[in-house]
Protein chains: 2
Amino acid sequence: MATIKDVARLANVSPSTVSRVLANSPRISEETKRRVRAALEQLNYHPNAFARGLVTNSTGAIGILIPPSAQEFFVNPFFSEWMAGVAEVARQRGVDTVLSTSSRGEIETLDHMIRGRRVDGVLLIGTRKSDPVLHEVAKLRCPAVLLGRPADPSPISWVNNDNRRAAYDATVHLLNLGHRRIGFLGGASDLVVTIDRVAGYRQALLDHGVEPDPRLEVSSFFLEQGGYLGMMRLLAIPDRPSAVLCADDVLAFGGMRAAHELGFEVPGDLAIVGFNDIRLAELAHPALTSVRVHMHELGVRSAELLLEEIAQGKPLQRHVTVHHELVIRYSCGAKPIGTMTT
Amino acid sequence: MATIKDVARLANVSPSTVSRVLANSPRISEETKRRVRAALEQLNYHPNAFARGLVTNSTGAIGILIPPSAQEFFVNPFFSEWMAGVAEVARQRGVDTVLSTSSRGEIETLDHMIRGRRVDGVLLIGTRKSDPVLHEVAKLRCPAVLLGRPADPSPISWVNNDNRRAAYDATVHLLNLGHRRIGFLGGASDLVVTIDRVAGYRQALLDHGVEPDPRLEVSSFFLEQGGYLGMMRLLAIPDRPSAVLCADDVLAFGGMRAAHELGFEVPGDLAIVGFNDIRLAELAHPALTSVRVHMHELGVRSAELLLEEIAQGKPLQRHVTVHHELVIRYSCGAKPIGTMTT
DNA sequence: ATTCACTGCGCAAACGTTTGCGCGAACAGT
DNA sequence: ACTGTTCGCGCAAACGTTTGCGCAGTGAAT
């Protein structure tokens, strides 16, 4: 395969000159540039990323660190939509996106990527309470941005939506519809996103004079099956909820399946509200009322922020929060009035 | 950051020895290995991928080449499920997965990845009739595997399901239910997958004595919106179809929305069959009859095959086809009898 | 005692770039 | 004619590994 020396030889210049032409240095004459570019073309030259990276210490790639515990995210549309946002800006800016789903530990994987110089910065998802990855990121002082907020104070940048407020809004909506026994069906309980959403849910109840009942809060996992199982548990308790706020749409779908199976009508017997507003939410039957969190935009902002950190060469400790809306459809029992923006 | 020399110094050996310990060479004494490993640990050493790659000429990464024209795949669950399969074996084997969604041309992007030594091999999706990427891959003689079959003879390996047969089976199912006006709602018409599915569809009609009607074949794009628009067109023609075979579940969802909007009952007024059997198919209303193509398994097999090519260091020209089943639910109007395996 | 094989490790080259520095030529200003 | 500046380019070092080859030491066989 053609190296820079081959190009140099062909164009009758030194490798340095070829390199400078590649970088479009102003100190090279137009005439020489032309000659070199012709040679580049003729040999179909593509710089060796290894050699280049070795000296520049930069990769032109960003990493997405997917902890083994979050493999379930992969098939969840909310993740796809987020990743599509990331991919979109990556494409615009000409950087590659590397998925790291190593079966090693997470910090080991992070080291592999950052210390091993495989990426210039990293996008983190699915963080949990006192997540060790965040400490490692802080130690490394590498460009990194987190989807969601860190549980504990951390110097990391993040982009998030206000999950607490969003869950609060959704719960208030159910309260306004007259529900008093409202369940919460969440993902893993140590995920920060779950913590925030359950907090907002509880706060809404308290503000409306209903005492939160721990039996009405169940944790599951972010798959349809998780929603099914969780809803089964919720509907099995003696004084069953008349409404359930689900921390994810796919969870809500599974929950609806459970409800149907048990002979409950949605929303007649059971109101359901989802989260994330994936594209298929409006296709469910009944169409799913859901909190739209703009996963695509979250992805775009995540990637943009990361690329800016990379450009600056350091963590920026910036925080962006993306707004949300409650999209009212049929599963909650209200007549759809469109969206309530917050 | 610690280099191999730092480790060598600390362990009182030469860099060569450290390198050999890393490779677990048998020619190094246990005692020395212990010392070196202690040093590795203490410095938290991680080899620089650039330097290593420069000499070994291998990256430990595989690429997924996503043509700009296939960005729509990204948010389609069938793609996610396929990618989850890929990621699963990548994780097991400790390789990274790099997504290349460059806004340059496709062949340019391929060169960027392969000639630029960013990946050891590449997974290709969404190929079209006489796709120039395939020629480039053939020229490069690099490890590569295609999801789907090439339209023209090509030395590339691929993993596919028998789309022709699958569409044939689905169409026969509709014919057996008594339908004679059967529509076909596909993705872009030059995608090989569309070509195969429409071929199977036509063949089934011919074999049952019904003349294919070109007006009943519409091409759209693989998004819910695409299905909506396509179905609108199908339902607008004078002698409208009583059943529609959709080349994708998301397309089918969009189609169902259009049908509902026009006041048609599914399956009463219009039978619908989807393709791919994504997880949400059974949650649609009515539950979607669909051809299950095992996207996850396709992903697994793709990645495994690619990794084997990489291990052998050359294209293997192997072809694997994964079986499919027709999963009969409610949208086709038959009473569900489970799955028909082929 | 000499040869031989083997063990355990180090030397140094090589991989393909980028970039600081320097150098000759051309040219302008005195 | 001399100095100074600018322009256009090349030299060579450096980036951090891997690996072929060689070499000293040890022990066994002759």
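Fair warning: this is a prediction, and the values are worked out from it, not measured in the lab. Naming: A, B, ... by sequence-line order, numbering from 1 per chain.
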Taken to the nearest whole Å, CZ/B:Arg34 to C1'/C:dG8 is 15 Å
N/O contacts under 3.5 Å, protein versus nucleotides 22-25 of chain D?
none

Practice problem: With the side chain counted from C-beta on, respond yes when B:Arg117 and A:His46 share a heavy-atom pair under 4.5 Å apart, and no when they do not. | Solution: no
Q. Quick one: do B:Glu31 and B:Arg35 make a salt bridge, cutoff under 4.0 Å?
A. yes
Whole-Å distance, A:Glu30 CD to D:dC7 C1', equals 14 Å
Have A:Thr109 and A:Ser100 got a donor and an acceptor in their side chains that come within less than 3.5 Å? no
Item to complete: Indicate the ring-plane relationship of A:Phe222 and A:Phe78, choosing parallel, tilted or perpendicular according to the 30° and 60° boundaries.
Response: perpendicular
### Message
Check this for me: does any side-chain nitrogen of one of B:Glu136 and B:Lys139 sit under 4.0 Å from a carboxylate oxygen of the other?
### Response
yes
B/S/- along nucleotides 11-17 of chain C (protein heavy atoms under 4.0 Å) is BB--BBB
Open item on the list: I want to check one thing: is the phosphate of D:dG8, taken as OP1 and OP2, less than 4.0 Å away from some side-chain N or O of A:Thr17?
Closed with: no
Can you confirm whether more than 12 heavy atoms, excluding those of B:Arg301, are under 6.0 Å from its CZ atom? no
note: B:Asn24, atom CG; C:dG8, atom C1'; distance rounded to Å ~ 15 Å
Pair A:Arg9 + A:Asp6: basic N to acidic O under 4.0 Å: yes
Under 3.5 Å, is there a donor-acceptor pair between the B:Ser130 and B:Asp152 side chains?
no
